[in-house]
Amino acid sequence: MMLRQEPSLTSFAALQWLAEMGADEVVGDVPGLVGWKASPPKVIPLGRPTGLREPPAPPLTRSVSKLPSFQQPPSPLSPPPLPRVALVTAHTIDELREQIAAFEGCALKVTAMNFVFADGDPTSPLMFIGEAPGEEEDRQGKPFVGASGQLFDRMLTAAGIARKDVYITNTLFWRPPGNRTPTDAEIAACLPFVERHIALVKPKILILLGGVAAKTLLRVSEGITRIHGKWTSYTPLSEGAAPIPCLPFYHPSYLLRQTSAKRQAWKDLLTLKQRMKEEGIFPAAQTPHS
Ligand code: URA
């Protein structure tokens, strides 16, 4: 993506802002910017260091002081620095939706058409978390309604699970331009909301669709090809919350490209079904393939 560089946008903060917008090339004739060599973008580490727990009150907030701050004071003409971290205070899913909709700390919001929150039954025992909205999701403001969403629906149906009976959301709430991979900074900006989302829904089983969701929430470095279909657990941040059984899945959009992986994806679905049966989730009579 090319953006024409305005002379006023010369501070480091402005360059960083442009980089986060996806600008990777300088056009125009601003001396000092042509040939400017960017140092590697600062990323907010996603790992949750041992002992980094929330302060006692309010619950599920993150400390601003733990995050990198801009080094240079912005010039009066620079865009204001974006808030880097969300103070998540929502106590209900509706409050959470409103809080994210009002959040200005993720640069993706600027380029997206719509905010994409969640779909399905928030009281469902099954919560699925994907990566980020694509083009169709951005257009409709609803997750998993494009081609990969249709495959997702077919997979659920084949396993005897109705989409309306599950809850589905994403790791990011705005579409990355051109469906590019989200940056660590964009993921980190949305993460406190996603974690709060899980804590509020309290699913019996959490299914992470694809590498971005799995790596982000499980804080693992292994790729999805290694960890899909293997049970692990996710512990919500709320005080005293019990670990939630968690199963990483291949992302449906990967399955659209790599049809040979569908066989393994089906095995993973059967692994999920088995656990659902053991936990008494959705009576077997409701599920033709149980
Ligand atoms: N891919 C995702 O991860 N989420 C969507 O909502 C759509 C496509």
Side-chain angles (χ1 to χ4, degrees), residues 22 46 93 96-97 100-101 103 106-109 111-122 124 126-157 159 161-191 193-198 201 203 205-218 220 223-225 227-229 234 246-259 261-262 264-265 268-269 272:
L46 289 177
I93 290 173
L96 183 69
R97 181 200 302 264
I100 306 171
F103 182 57
C106 180
L108 295 175
K109 188 177 183 180
T111 46
M113 264 193 288
N114 274 306
F115 160 52
V116 180
F117 182 62
D119 190 36
D121 177 4
S124 173
L126 298 186
M127 181 175 192
F128 290 80
I129 304 187
E131 183 175 321
E135 189 176 6
E136 194 53 36
E137 289 77 17
D138 187 32
R139 208 189 313 275
Q140 295 189 32
K142 206 170 152 182
F144 284 94
V145 289
S148 61
Q150 284 159 21
L151 176 60
F152 174 71
D153 290 357
R154 287 201 298 278
M155 288 167 62
L156 288 183
T157 307
I161 303 168
R163 171 157 168 159
K164 68 171 179 46
D165 291 336
V166 306
Y167 190 63
I168 183 150
T169 182
N170 280 308
T171 311
L172 293 110
F173 303 98
W174 297 273
R175 180 192 183 205
N179 296 347
R180 66 160 167 73
T181 303
T183 66
D184 284 355
E186 290 157 357
I187 293 170
C190 294
L191 184 57
F193 294 116
V194 179
E195 292 185 313
R196 185 65 169 178
H197 208 168
I198 300 168
V201 173
I205 299 178
L206 182 66
I207 302 102
L208 303 175
L209 298 172
V212 168
K215 282 184 182 174
T216 303
L217 288 157
L218 299 175
V220 294
I224 194 70
T225 48
I227 62 173
H228 75 92
Y234 168 84
C246 176
L247 189 61
F249 268 17
Y250 279 123
H251 193 286
S253 66
Y254 175 76
L255 298 175
L256 285 172
R257 296 190 307 272
Q258 294 289 332
T259 48
K262 281 187 180 170
Q264 294 169 54
D268 297 348
L269 258 173
L272 172 64

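Just so you know, ligand 1 is whichever comes first in the structure, and atom 1 is the first atom listed for that ligand.
Within the structure, the closest approach of Ser148 to ligand 1 falls below 4.0 Å when heavy atoms are considered. Contact annotation: Ala132 has at least one heavy atom less than 4.0 Å from an atom of ligand 1. Under a 4.0 Å heavy-atom criterion, Lys142 is not in contact with ligand 1.
Proximity of Tyr167 to Ile93: side-chain heavy atoms (C-beta onward) are separated by under 4.5 Å at one or more points. When side chains are defined from C-beta on, Glu195 counts as touching Leu217, because their heavy atoms get closer than 4.5 Å. When side chains are defined from C-beta on, Val194 does not count as touching Thr216, because their heavy atoms never get closer than 4.5 Å. In this structure the side chain of Cys190 never reaches within 4.5 angstrom of the side chain of Phe103, judged on heavy atoms.
In terms of polar-atom proximity, Gly134 is not counted as a contact of ligand 1, lacking any N or O under 3.5 Å from an N or O of the ligand. For ligand 1, none of its N or O atoms has an N or O atom of Pro143 under 3.5 Å away.
Atom-to-atom distance recorded for Glu131:CD and Leu172:CG is 7.5 Å, nearest 0.5 angstrom.
Note: His197 and Phe117 have parallel aromatic rings, judged against thresholds of 30 and 60 degrees for the angle between ring planes.
Taking the six-membered ring where the residue is Trp, the centroids of Phe144 and Phe128 are separated by 6.0 Å or more.
From the protein, the heavy atom lying nearest to atom 4 (N) of ligand 1 is Asn170 OD1, 2.8 Å.
Atoms of ligand 1 found under 4.0 Å from any heavy atom of Glu131, numbered from 1 in the order shown, are 2 (C), 3 (O). Per-residue contacts place His251 under 4.0 angstrom from the following atoms of ligand 1 (heavy atoms of the residue considered): 1 (N), 2 (C), 3 (O). For ligand 1, the atoms lying closer than 4.0 Å to a non-hydrogen atom of Gly130 are 3 (O).
Only side-chain heavy atoms of Glu137 come within less than 4.0 Å of ligand 1; its backbone N, CA, C and O stay farther off. Neither the backbone nor the side chain of Pro252 comes within 4.0 Å of ligand 1, counting heavy atoms alone.
Ala261 is linked by a side-chain contact (heavy atoms from CB on, under 4.5 Å) to Tyr250, Tyr254, Leu255, Gln258, counting only residues two or more places apart in sequence or in another chain.
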